[in-house]
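Worksheet for the structure shown next.
Each chain gets a letter, A, B and so on, in the order its sequence line appears, and its residues count up from 1.
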Amino acid sequence: MTPGHASPGRRPVIAGLGLTDVGKFFGRSAAQLAAEAARLAVADAGLELAEVDGLLVSAGVTRGVNLSLHRDLGLTDLALLSEMQAFGATAGAMVAHASMAITSGTAKAVLCVFGDDPLKEGRSASAAYGPRRTPSGWRGLLTSAGISGANPLYALAARRHMQRFGTTTEQLGHIAVAQRKWAAMNPAAQMKDPITLADHEASRWVAEPFRLLDCCLVSNGGAAVLVTSAERAEDLRQPAVPVLGWGQSHPGHLQRHHDDFGLVTGAVRSGRAAMGMAGITVQDVDVVELYDCYTYTVLVSLEDYGFCGKGEGGAFAASGALGPGGTLRLNTGGGQLSGFYLWGMTPLHEAVLQARGQAGERQSPEHEVVLVSGNGGVLDHHATLVLGGAA
Amino acid sequence: MSLGPVSRNDETAAFFDGTARGELLLRTCPSGHWSEPEAACCTTCGVTDLSWSASKGTGRVVSWSAVHGRPRDDGSADRRVIAVVELDEGPWWWTALQDVEQPSEGLRVQVAFTVPAEDSETVPYFVPA
Ligand SMILES: [Zn+2]
């Protein structure tokens, strides 16, 4: 082995995948869901929990998961342990961090775990992501104006795209309809009943130009992946999914003058970095799992990753390219709009299934290259992963 | 639809002193760059010795939305227009927009002030100029 270079055996792979129940159910805390997901991922890999020497933890909106997860899992003498937070980009950032730990030899088997429980018995779903205390300070000023939670902030971004490029609400509707078709083939999806463009148009306004069917679900649940080396994964239970590339971008213009607001996002840089590391171009991508907190997020991400030209996302979405039978296999589990909303774990989970060839009825016949996106804040944080087909 | 109450904290005390006087305060640096009131350093040159300076309170709509409340039993729901306003000094301001139902990009607007509740600070919002 050459000093300073990772040995070939240290190529990072995803070897385990865990997903708890997802959706509207009560009685299990975010921490319990995270621990359950972690154990599922380890069992899925066919590994002993004692062999895990790295743990990365991500809490959702309820902030209910933290470093003490290692105690709940009985993990001792860890070589790597940290909480990570880049909002919707956290899942991708965790896998990147774990991959670097594997490549460098810092750790041999790293769990990346997420858990959240925003849905509480007797409380509306919107309350989970809404204001919780008397508004004060800068955030209070926003709340005072009617700007609380992510809906209005993303709506302002989407409106700008519509103003500049002529994007329409009907074009956004095509994304919602296409993803619902995929969700119908996903046993884990929360919303499986087919919808039409008319249903989209008839759904109630949330924050113009967004209607209810432009917005993601709210879900309780936990998800985890186990990252290890290709060498260690050889005799494990599941086909190993290589992590070929990763990238992040944090533009840093949070609620300040930014001429690209709503028009161009950090996915451009994040995608370029990840695809560059993987040595691929967008033409090589077989399956795309994009963070889809809103239909608009899908649309602008498609443009920024280069699946269509800037400003052409609306026409692309309406062209029939999306959905089962379309030319681009996008958000094949129904995504966060129709599947379930576990932040960046939603696209990552589906990406691993597709890369392994285990997505059942909705499996893409080609799955050599899978692109996964994460997006957090209000287009403030981006993480991209390129996964390879399982060996 | 009226605005909601807001209280001050250490970061916003000077700002709300300004709104009480009918001023929308922004931050300025020694080189004369304008930053949004939240800025901890100049968004143009990065220096930290910022002063408070009053905006003219005029600008244009960069983007807008209307936030809808949950429908009541009779089907009606609150609708509040919000906007990103580019102030003529340069900074952008996320705000409530009143007296216009369907604004358009570029609409000229100006600041107004209200005290939404007895125990609230004075809150800025915008109306067509
Ligand atoms: Zn300056």
Q. Considering the options B:Trp94, B:Trp93, B:Trp92, which one meets the side chain to side chain contact (heavy atoms under 4.5 Å, CB included) requirement together with A:Gln255?
A. B:Trp94

Let's test your reading of the structure: which of [options] forms the most heavy-atom pairs below 4.5 Å with chain B?
options                                : answer
A:Ala207, A:Ser144, A:Ala145           : A:Ser144
A:Leu153, A:Leu142, A:Val206           : A:Val206
A:Arg164, A:Arg160, A:Arg256, A:Met162 : A:Arg256

Q.
With chain A as the partner, which of B:Pro116, B:Ala96, B:Ser65, B:Ser104 has the greatest number of non-hydrogen pairs under 4.5 Å?
A. B:Ser65

Q. What residue, out of B:Pro5, B:Ala66, B:Gly69, has the most heavy-atom pairs lying under 4.5 Å from chain A?
A. B:Ala66

Does [atom1] belonging to [X] count more than 12 external heavy atoms closer than 6.0 Å?
X        : atom1 : result
A:Lys120 : NZ    : yes
B:Asp10  : CG    : no
A:Arg269 : CZ    : no
B:Asp74  : CG    : yes

Do you know the tightest heavy-atom contact between [X] and [Y]?
X        : Y        : answer
B:Val62  : A:Gln163 : O-NE2, 3.0 Å
B:Arg80  : A:Thr143 : NH2-O, 4.4 Å
A:Pro152 : B:Ile82  : CB-CD1, 3.5 Å
A:Ser136 : B:Asn9   : OG-ND2, 4.2 Å

Less than 4.5 Å to any heavy atom of chain A: does that hold for the side chain of [X], its backbone, both, or neither?
X       : value
B:Glu38 : both
B:Ala13 : neither
B:Pro37 : both
B:Glu11 : both

Q | Atom group of A:Arg204 that falls short of 4.5 Å from chain B, counting heavy atoms | A | side chain

Q: Could you tell me which portion of A:Leu141 (side chain, backbone, both or neither) has an atom closer than 4.5 angstrom to a non-hydrogen atom of chain B?
A: both

**Q.** Basic-acidic side-chain contact under 4.0 Å: B:Arg79, A:Glu208
**A.** yes

Q: Kindly compute the distance separating CG (A:Leu254) from CD (B:Glu36), expressed to the nearest 0.5 Å.
A: 9.0 Å

Q: Find out whether A:His257 and B:Glu86 are in side-chain contact, i.e. whether some heavy atom of one side chain is under 4.5 Å from a heavy atom of the other.
A: yes

